[in-house]
Amino acid sequence: MASIMTPADLAAFERDGYRIVRGMFDAEEVDLLRRAMEEDPEVRDHMIDRLDAQGAATRIALWNRAGGSVYGMAARCERMVDTMAALLGGPVYHYQSKLTAKEPFVGGAWEWHQDYGYWYYNGCLFPHLASCQIALDRSGVENGCLEMVRGSHLLGRIEHVPVPGEGQNVADPERMKAIVERLDIVPCELEPGDAVFFHANTLHRSAQNRSPFRRWTLICCYNRVDNDTLVRADDRYYVPLEKVPDDAVKAAGVRFASGDEHFATRAFVPKVG
Ligand code: SIN
Ligand code: MN
């Protein structure tokens, strides 16, 4: 196992529902990933706007398979996959990856949610899923970094309701009031190459980007193999994940989509509330 989490890191993840890893990808690797996100026509052609409660757009591109691209290598490399397996307590497969792009001045917010608030409807019986957000730009409070509610993964799944407008659901606002009175909100500031791993039930949000600084991140999500989706409406069901050595990211260079990514043409937003 090439997990980058020590036993103390794993204990902290179990307590807090998230863990930051500094320098998960080095400068050369981040540069390749950033360039692929900026230049790959498949990524560009699959950008989707999702509106926040004020109508500001946060942009995403989503793909369900980790293919032969450089970002496929990042999602399939040993340090990532083995860490996810250690966090989730068993073998994992790639569930989804996404570019989350907040442009300077206009980038929209993500409202409070649990990823399992969405993925439950994809027919995952257990919340045995987790994500890793990799910063491609600096991601700080000034440009809308991810904020976690520490320990909120232990609350279980919370009901979500639709955000007026389009494209996002939000964790029950009445319940959120009580939760943020009792638990801490922690901004996860990342430098390029840093990563934050977080559990599918950890409540998170991020503010609008009113700064002159772009905030792009790549998020890779995993499901435990024994928690395959019951719903087959999209292609996030189990397919074996072919792990690659850590040096495969650099070896790939700025390699674009290989045609087996299964890009999504719209976001999966379950009808709730
Ligand atoms: C997400 O929750 O999927 C994205 C959050 C962000 O990029 O700020
Ligand atoms: Mn999320």
Side-chain angles (χ1 to χ4, degrees), residues 17-18 20 33-34 37 43 46-54 56-64 71 75 84 94-104 106-122 124 127 129-149 152-153 155 157-158 160-163 166-171 176 185-192 194-211 213-223 236 264 266-270 272:
Y18 68 92
I20 293 176
L33 293 170
R34 190 191 297 117
M37 290 297 107
V43 175
H46 287 93
M47 291 297 270
I48 301 165
D49 279 350
R50 294 181 78 177
L51 302 184
D52 65 19
Q54 273 91 46
T58 178
R59 302 169 65 222
I60 49 172
L62 302 156
W63 56 98
N64 294 331
Y71 42 95
M84 281 293 175
H94 178 263
Y95 189 70
Q96 185 162 68
S97 285
K98 52 193 172 184
L99 166 67
T100 66
K102 287 189 203 227
E103 304 305 337
V106 297
W110 288 89
E111 314 294 346
W112 282 124
H113 69 280
Q114 297 167 312
D115 291 335
Y116 193 57
Y118 290 73
W119 295 341
Y120 174 89
Y121 293 95
N122 219 254
C124 296
L129 303 101
S131 298
C132 176
Q133 181 187 50
I134 305 156
L136 301 177
D137 303 315
R138 177 183 148 76
S139 182
V141 289
E142 70 285 0
N143 59 354
C145 68
L146 210 53
E147 299 168 39
M148 305 287 178
V149 180
S152 55
H153 62 308
L155 294 165
R157 183 180 70 90
I158 294 163
H160 286 57
V161 295
V163 171
E166 246 182 77
Q168 289 193 40
N169 293 336
V170 60
M176 276 313 300
I185 300 173
V186 185
C188 293
E189 295 205 300
L190 306 177
E191 296 301 327
D194 292 347
V196 56
F197 288 81
F198 56 104
H199 188 273
N201 267 339
T202 305
L203 284 160
H204 55 286
R205 75 168 173 196
S206 59
Q208 293 180 342
N209 183 9
R210 289 284 163 265
S211 82
F213 308 109
R214 193 182 78 165
R215 198 229 72 175
W216 282 22
T217 76
L218 173 62
I219 303 184
C220 303
C221 315
Y222 300 81
N223 190 14
R236 280 180 283 175
R266 60 190 174 84
F268 170 73
V269 186
V272 291

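Worth knowing before you read on, the calculation uses all heavy atoms, side chains too, and leaves out hydrogens, waters and symmetry mates. Note that ligands are numbered from 1 as they come in the structure, with each ligand's atoms numbered from 1 the same way.
A perpendicular orientation is assigned to the rings of Y116 and Y120, their planes being inclined by more than 60° (bins at 30° and 60°).
Between the Mn ion (ligand 2) and the N, O or S atoms of D115, the shortest distance is to OD1. Of all N, O or S atoms in H204, the one lying closest to the Mn ion (ligand 2) is NE2.
Looking at R205 against ligand 1, nothing comes within 4.0 Å, counting heavy atoms. Here R215 has side-chain heavy atoms under 4.0 Å from ligand 1, and that is the only part of it that gets that close.
Considering only non-hydrogen protein atoms, atom 8 (O) of ligand 1 sits nearest to S206 OG, 2.6 Å. From the protein, the heavy atom lying nearest to atom 4 (C) of ligand 1 is W110 CE2, 3.6 Å. Among protein heavy atoms, the minimum distance from atom 3 (O) of ligand 1 is reached at K98 NZ, 2.7 Å.
Under the ring pair (Phe, Tyr, Trp, His ring centres under 6.0 Å) test applied with Y95, the options W119, F268, Y222 reduce to a single match, W119.
Close approach to H204 involves these atoms of ligand 1, each under 4.0 Å from a residue heavy atom: 2 (O). Of all atoms in ligand 1, numbered sequentially from 1 with element shown, those under 4.0 Å from a heavy atom of L146 are 5 (C), 6 (C), 8 (O). Taking a cut-off of under 4.0 Å to the non-hydrogen atoms of H113, the atoms of ligand 1 that pass are 2 (O).
Note: no N/O pair closer than 3.5 Å links D115 and ligand 1 by distance alone.
Annotation: side chain of W110 is in contact with side chain of T58 (closest heavy-atom distance under 4.5 Å). Two residues are said to be in side-chain contact when any heavy atoms from C-beta on lie closer than 4.5 Å; E111 and R205 fail this criterion.
A donor-acceptor pair under 3.5 Å is absent between the side-chain atoms of H160 and the main chain of Q168, judged by distance alone.
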